[in-house]
Amino acid sequence: MTRESKHVYYIYGYVYGVAMKTKVTVTIERDLVPRAKRYARARGVSLSHLIEVALREMSAGESTSFAQRWRGKFRPASRTGERYRALAAKYL
């Protein structure tokens, strides 16, 4: 079961964006939880916020375009192969 809520972010009095929040269950090592909570508390944020920021930063670099992801991955077809001749006869 998920629980969703809306959060509006304000920066300098302007509405920055509306984000839908979803509750998620994660499993981590037992001894890490108190350390992570202390770390978050020392920075004045919740553990959920700390995890959200970390995930957002990790996934920020994945916004590459389709062309960037596939650049250099394809090789030109051999024009001497049987498949090329068949496709050329059909489409050219």
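- Looking at every heavy atom in both residues, Leu47 comes nearest to Ala36 through CD1-CB, 3.7 Å.
- Interatomic distance, OG of Ser48 versus NZ of Lys21, reported as 8.5 Å (0.5 Å rounding).
- The aromatic rings of Phe66 and Trp70 sit tilted relative to each other, their planes meeting at an angle between 30° and 60°.
- Note on Met58: it clusters hydrophobically with Leu50, by side-chain heavy-atom contacts below 4.5 Å among ILVMFWY residues.
- Residue pairs meeting the salt bridge (Lys or Arg N to Asp or Glu O under 4.0 Å) criterion with at least one partner in residues 77-92, sequence neighbours excluded, are Glu82-Arg85.
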Task: Stepwise side chain to side chain donor-acceptor pair (under 3.5 Å) check, Tyr39 with Arg35 - done: CA-CA 6 Å; Tyr39 181 85; Arg35 292 188 336 213; over 6 Å; no

